[in-house]
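Quick one: structure below, then a few questions.
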Amino acid sequence: MNTPTTTDIQHLLEEMAATIREQLADKDPLLIGIHTGGVWIAKALQKILGDDFFDGPLGTLSIAYYRDDFTRIGMHPQVSPSDLPFDVDNRHLLLVDDVFYSGRTTRAALNEIFDYGRPASVTLAVLVERNGRELPIRPDIVGTSLNLPRNQDLKLHNRDGLHIEIRAAGAHHAE
Amino acid sequence: MRSNQLTESGQLRHFLTIEGLKRPLLTEIMDRAEQFSSISHRQVKKVPLLRGKTIMNLFFENSTRTRSTFELAAKRLSADVMNFNISTSATSKGESLLDTLHNLEAMHTDMFVVRHDQSGAAEFIAQHVAPHVSVINAGDGCHAHPTQAMLDMFTIRRHKQEFANLRVAIIGDILHSRVARSQIQALSILGVGEIRVIGPQTLLPRDCQTLGVHVHHDMASGLRDVDVIITLRLQFERMQGALLPSAREYFRCYGLTEEKLKYAKPDAIVMHPGPINRGVEIASSVADGKQSVILEQVGHGIAIRMAVMSMALGSQSELAESE
């Protein structure tokens, strides 16, 4: 599939929302987005599913202190702190990110969630799954899959609607 | 030779003094501390950021609060931490200090947190450590106590937000206080409107004017309309040097009582770096009163130290890259 446009993204989100409803409707799920893109996607899903689908306000994770590359690249530029405004113990969580790539972000997010408590289950939903998985972790609910060469990155933007940019890998270091 | 506490790109490598730092860096320290402070409220009060790093607390001078908050900060970042309380009673300076240092370095230490009764000790150690080791000054003689100053700035920001319009008064032994020196530097870098120092002539430095502070010798004028009051611990050893008549006399003139507190703005906050001498520099009713934020300062100390430790160790990746 080609790079999805803003309209495509809306369709993908609606399909994802339908799957989420099917899988989690009877579980009083809680919603967690990973900064920054994952929070945008989580908010968009929340809007489609309605305010009362999830059993609490949107939680956010920064994962900045759980990454595995501190020794190589040091502190990350500041993002908003993690905020889980609910108790995760014995709850069903929907974890949302924009792009699934190596699986390292999900690994970090799971570690952080477990420092807040012991959820009953975690379901991972992502807008885009791309090739290049490095860990035995994969998303449960996927908007679309893309095959990209290793020297290209996907970047989600949120200006006048959500859209995806494909750019040279490493470009974000210059930001 | 002066060791630079910043890397080439302006990141914190050591944290030795507030002097010479720029406002964005002080703001970054406080912003990071704000993020870390939420960790203390979680079920697991720990993040794995400094897992595998070894931090040595080298305390050549006694301390309870500072040492334990540094220790807790390191542990909440998942670093391994060891405490060394090293007596300075022997003529242990110069070479033997370096011997101690190199021995500890041989244990693959990543960071030294140093407190010493000699001004410049942390700086001296920073000049002699291996390139991959960071040094944090936890108080050196009468020179500097930068993490204390930053936790105080963090406390002020939490209560007062903007620094520009504030009037801040520091009361007591400014002359011998490394805390006051670092606070004054931080307050002026952050652009505080008016910094006042209040104390007897014998306890104020001669160069007060050049520090950019206003000098007051009585509490009535010094505390008028201030937003923040910082009381300093009166060090009893100073009294033996005939700089002060007695603790009772000092309390009468400069002790912060409820009556004197009324000179300040009604919403002024009262701070103290601890440990407090009740009935000497501060009355119990004020230390435990509604305007006191003294115990909050202790908690903020952990968050600030987490910020500084992670920033300094994070900048080592830059050094590794350039090798």
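Protein chains get the first letters and strands the later ones, always in sequence-line order, with residue 1 at the start of each. Keep in mind that what you see is a predicted model, and the values were worked out from it rather than measured.
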For A/Y116 and A/D87, test the side chains for any donor-to-acceptor distance below 3.5 angstrom and give the result as yes or no.
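On atom types as modelled, these side chains do not qualify, holding no pair under 3.5 Å.
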Is the closest basic N to carboxylate O distance between B/R178 and B/D140 below 4.0 Å?
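Result for this pair is no, no salt bridge flagged.
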Can you tell whether the side chains of B/D80 and B/K75 come within less than 4.0 Å, N to carboxylate O?
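A salt bridge is absent here (no side-chain N lies under 4.0 Å from a carboxylate O).
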Which answer fits B/Q11, side chain, backbone, both or neither, if we ask what part of it has an atom under 4.5 Å from a heavy atom of chain A?
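When you check distances to chain A, no heavy atom of B/Q11 falls under 4.5 Å.
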Within residues 297-312 of chain B, residues adjacent to chain A where the heavy-atom gap is under 4.5 Å:
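Interface residues of residues 297-312 of chain B: B/S310, B/M311.
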Show your reasoning for whether side chain to side chain contact (heavy atoms under 4.5 Å, CB included) applies to A/D55 and A/K27.
CA-CA 9 Å; A/D55 195 33; A/K27 292 185 170 169; over 6 Å; no
Which bit of A/D89 is near chain B, if near means a heavy-atom gap under 4.5 Å: side chain, backbone, both or neither?
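Just the side chain, heavy atoms under 4.5 Å.
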Summary of side-chain hydrogen bond (donor to acceptor under 3.5 Å, both in side chains) pairs that have at least one residue in residues 11-24 of chain A, sequence neighbours excluded
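Output for this query lists A/Q10-A/E14.
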Given heavy-atom pairs under 4.5 angstrom as the criterion, report whether the side chain, backbone, both or neither of B/L50 touches chain A.
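Contact with chain A: side chain only.
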Nearest 0.5 Å please: distance from the OG atom of B/S40 over to the NZ atom of B/K45.
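Reported to 0.5 Å precision, the distance equals 8.0 Å.
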Within the 3.5 Å criterion, strictly below it, is a donor on B/E296 or B/H159 matched to an acceptor on the partner's side chain?
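Short answer, yes.
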